[in-house]
Structure formats: structure tokens, C-alpha cells
Visitor: 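Pasting in a structure now, in C-alpha cells, and then I'll have a few things to ask.
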Protein chains: 2
Amino acid sequence: MNDRKQQLLGATCRVIARDGIRGMRVENVAAEAGVSTALIYYHFGDRAGLLAQAMQHVNTRAESYADAEEGKTGREQLMLQVLGEFQDDDLVRENSAVWGEVRGAAVFDEALRPVVSAATEQWVTDLADFIEQGRQDGSIAPDVDAHAVSTRLTALIEGLSNRWLARLMSTADARHHLTQIVDQELTPSHAPVGD
Amino acid sequence: MNDRKQQLLGATCRVIARDGIRGMRVENVAAEAGVSTALIYYHFGDRAGLLAQAMQHVNTRAESYADAEEGKTGREQLMLQVLGEFQDDDLVRENSAVWGEVRGAAVFDEALRPVVSAATEQWVTDLADFIEQGRQDGSIAPDVDAHAVSTRLTALIEGLSNRWLARLMSTADARHHLTQIVDQELTPSHAPVGD
């Protein structure tokens, strides 16, 4: 993707994180980026196209949280990636806010659902890949269902993210709760009490 | 609370679930309820007061999901209560949508945060009470941290709820994932792999 498109998507995310998606108009994005609306329509077709690419942009920026390092197990990479969602960093908060706004709006706006569905599935698959890697390197038990665990982890992150963005939960608490769930999900358990 | 106030709060919830909180005006609620705006101001003071009581109204309606039955363990009651959040029922969807709207808006509107914080804490406490009951009746292990588990379960429910309301996840799948997490949270585990 060329620099100009990246710059326009960055402006789109700033506008959504600041005003919310329902206040997000192509005119505001153009003003934020210092370009004409025509340029935005040229690159993205329409508002829906712009939002779809903004969601991908958020996904791509979030992929750097783990910063794939040599010698790390799948389990370690997974943990780095999910904990990366909660950092005292403006860009991380912006990513989280954009994601929350678009998926929240999809409850009311059916036209957004394919965009949210595709972006969510991409995220779920990315985390599931770390789990698969962990199953192969032995850091994660072989009977863990990678896609199901990833679905639950991403849903939990979304729930925690809302509280964290609204300052109802600290960064440390969000990371602590997430760590607990990852450990539970990836650790073989006894039969439930009462079974 | 008198019937008239209940009726006004019901109208408030319908308006939020239909139009979203940012489209929610006291005028719309008055029109939905077939009353004057003055009556709403009389009962609730202002829009913030109306929203605070609407959140409590949602909490109260949701408390009936478990329908406290004689002879059920704390664990069974907890499961009934949390699974009640995902039902193919218009009022349950409306509850979920209102809750999601108000907490989503609190990211952008600081004035809403005390309302969301109080309503969330009430919900967390209600679920923690079932867990405490389960610890006492032996259906839940004594070393389970009731408040922490309840915090994570409610966050997960919020994350799943958004996907469910946007029709990205079926009722059955939402209930399945929630059951998995409850079982993991309440079941003693082996030490994590690698420890």
C-alpha cells in the first residue's frame, strides 16, 4: 500500500477514535488529512470501502504487538500479542477505540457487518496460528482447539477493551485478567467439580 | 418504583436499542411513551438521570434470568444467570443492546462513566454472590476468587454480546463459549505446561 493511502487511513482512525464512527464523515477525514474528499473517494471508492480498509489497517498495526522474535514459543508469542492490546500508548488506545466503534456500530448498521466479520475472522485466525505453532513446539497441549480458544480470547479482549478505554479498568488489571484466561485456556484441567 | 416510571424506562430502552444512545433524545422517549417531555424531566431530572435508571432497569430485568429456584447450587444458578444473557428473545436482545450502547458511549462521554461503573459493579457483585454461594454449598472450589472471576465473565459476556447482536455469532455458539469459560474458571487446574 502506498504512503498516501497509509496516511489517509491513519487520519481515518484518528477521526473515529476522537469522534466515534457515527460522527465520522468523509469530509472530516479529508480535513484531518489535509486533502480533498475527491482523493479519498478515488482511493477507497466510498465510506464503506474506507471503513473496511481502516479495519485492516488496525489489524496490521496490531500485528506488530508480538514482534515475532526468534526463539520464542507459540505460547510466548500468543501472550505477547494479546497483552499488546493493553498498553499505555496512544496508538494502541486508538486502535482499540476504532475497533470498538466499528464493531459497536455493526449492531445497528447491517452494511458494516461483512467488514467487521472479515476483520474479526482475520484476527481470530492470526491468534489461532500462534496456538497451532505452540501445539507443534510443545508449549501448548495438543488437544487445545485453536480456533475456539482464539474466538474466546478475542471476545474477552473486546469486553475488557471497552472498560479499559472508558477508564473503568487499569492497564495492569486488564493484562492480569487476560493472562489468567490464557493460562486457563491453555492448561489441561481436572474434570469439573461435581462431574 | 411506580408503574409509570417502569413504563418510561421501558420506552427509554426501546429507543436506545432501536436508534442507539447517541440518537436517544428525551423527545424521542416522550414520543415512544406517549407522554410529555416535562413528565420525563419530572421523574428523572435530566437525560443522565434517565440513563442511570435505564441501566438499573436493564440490570433488574436481567436478574430474572436465573429465576432463583429452590435446591439449585450456586454453580447452577451462576450458569443459568450467565446463559440467560443469550436467548432468542426480543427483550433479552434489547437488554443487551442497551447495555452495549451505554457502555460504548462511555468511552467518548466521560459524564456516562459513573453510571456505567456503578451498573457494572452491581452486575459483577450479583454474579460474585452466586459464586460465594457455590463456595459455601461445595459446588465451587473454595480457592476461586469470586470477584475476579465475575469480572472476567462479565467482560466476556460483553465481548460475545456485541458479536451476537451483530449476528456474527449464533445464540448456541455464544452459550457454548460461555459455558467453556465458566467451567475453566470454576475447575481446579494442573500447573501450566512448561512450569
Side-chain angles (χ1 to χ4, degrees), chain A residues 17-20 22-23 73 75 96-97 100-101 103-110 112-113 116-117 120-121 134 138-141 148-149 151-152 154-163 165-169 173-174 176-178 180-181 183-195, chain B residues 18-20 22-23 73 75-76 96-97 100-101 103-110 112-113 116-117 120-121 134 138-141 148-149 151-152 154-163 165-169 173-174 176-178 180-181 183-195:
Chain A
R18 188 184 63 216
D19 303 331
R22 284 172 230 186
T73 65
R75 186 177 181 131
S96 192
E101 271 299 288
R103 66 181 161 68
V107 171
F108 294 86
D109 183 351
E110 288 188 30
L112 287 174
R113 292 180 187 173
V116 173
S117 177
T120 302
E121 194 51 40
S139 60
I140 293 175
V149 169
T151 299
R152 288 191 287 273
T154 53
L156 179 74
I157 289 168
E158 290 178 344
L160 293 172
S161 154
N162 191 162
R163 296 184 189 182
L165 290 171
R167 314 272 174 179
L168 306 182
M169 182 179 275
D173 281 354
H176 170 73
H177 286 302
L178 191 49
Q180 289 287 110
I181 293 278
D183 281 341
Q184 285 167 17
E185 286 278 7
L186 301 185
T187 302
S189 62
H190 292 290
V193 171
D195 275 21
Chain B
R18 189 184 61 215
D19 303 332
R22 283 172 232 184
T73 65
R75 186 177 181 132
E76 286 165 340
S96 193
E101 272 299 289
R103 65 180 161 71
V107 171
F108 294 86
D109 183 352
E110 288 187 29
L112 287 174
R113 291 179 190 174
V116 172
S117 177
T120 301
E121 195 50 40
S139 60
I140 293 175
V149 169
T151 299
R152 289 192 287 273
T154 53
L156 179 74
I157 289 168
E158 290 178 345
L160 293 172
S161 154
N162 191 160
R163 296 184 189 181
L165 290 171
R167 313 273 175 179
L168 305 181
M169 182 179 275
D173 281 353
H176 171 73
H177 286 302
L178 191 50
Q180 291 285 111
I181 293 279
D183 281 341
Q184 285 167 16
E185 287 278 8
L186 301 185
T187 301
S189 61
H190 293 290
V193 171
D195 273 22

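Computed from a predicted model, the values in this text were never measured in an experiment.
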Visitor: Using heavy-atom distances under 4.5 Å, tell me whether A:Ala105 contacts chain B through its side chain, its backbone, both, or neither.
Guide: neither
Visitor: Under a 4.5 Å heavy-atom cutoff, which of A:Gly159, A:Ser117, A:Ala148, A:Ser161 has the most pairs with chain B?
Guide: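 Most heavy-atom pairs under 4.5 Å with chain B: A:Gly159.
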Visitor: Looking at A:Gln180, A:Glu110, A:Arg163, A:Arg113, which makes the most heavy-atom pairs under 4.5 Å with chain B?
Guide: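 Heavy-atom pairs under 4.5 Å are most numerous for A:Arg163.
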Visitor: Which answer fits B:Thr154, side chain, backbone, both or neither, if we ask what part of it has an atom under 4.5 Å from a heavy atom of chain A?
Guide: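 For B:Thr154, heavy atoms of backbone and side chain both lie under 4.5 Å from chain A.
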Visitor: Relative to chain A, which segment of B:Asp173 carries a heavy atom at a distance below 4.5 Å: side chain, backbone, both, or neither?
Guide: neither
Visitor: So which residue, B:Val116, B:Asn162, B:Leu165, ends up with the most heavy-atom pairs under 4.5 Å with chain A?
Guide: B:Asn162
Visitor: Start with the C-alpha distance between A:Glu101 and B:Arg22, add both sets of side-chain angles, then the distance that settles salt bridge (Lys or Arg N to Asp or Glu O under 4.0 Å), and finish with yes or no.
Guide: CA-CA 13 Å; A:Glu101 271 299 288; B:Arg22 283 172 232 184; 3.2 Å; yes
Visitor: So which of B:Glu158, B:His176, B:Met169, B:Arg18 has the biggest tally of heavy-atom pairs under 4.5 Å with chain A?
Guide: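 Answer, by heavy-atom pair count under 4.5 Å with chain A: B:Glu158.
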Visitor: Would a 4.5 Å heavy-atom cut-off, applied to side chains only, mark A:Leu168 and B:Arg103 as touching?
Guide: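 SC-SC contact between A:Leu168 and B:Arg103 ruled out.
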Visitor: Would you check if B:Ile181 and A:Glu185 make a side-chain contact, meaning some heavy-atom pair closer than 4.5 Å?
Guide: yes
Visitor: How far does CG of B:Leu186 sit from CD of A:Gln184, to the nearest 0.5 angstrom?
Guide: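 Spacing of CG (B:Leu186) from CD (A:Gln184) equals 9.0 Å.
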Visitor: To check you understand the geometry: which heavy-atom pair defines the closest contact between B:Ala155 and A:Leu156, and what is its length?
Guide: CB-CD1, 4.1 Å
Visitor: Which distance, rounded to the nearest 0.5 Å, do you find between the NE2 of A:His177 and the OG1 of B:Thr151?
Guide: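 Output value for this atom pair is 4.5 Å.
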Visitor: Mind checking what makes side-chain hydrogen bond (donor to acceptor under 3.5 Å, both in side chains) contact with A:Arg167, not counting sequence neighbours?
Guide: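 For A:Arg167, no residue satisfies side-chain hydrogen bond (donor to acceptor under 3.5 Å, both in side chains) once neighbours in sequence are set aside.
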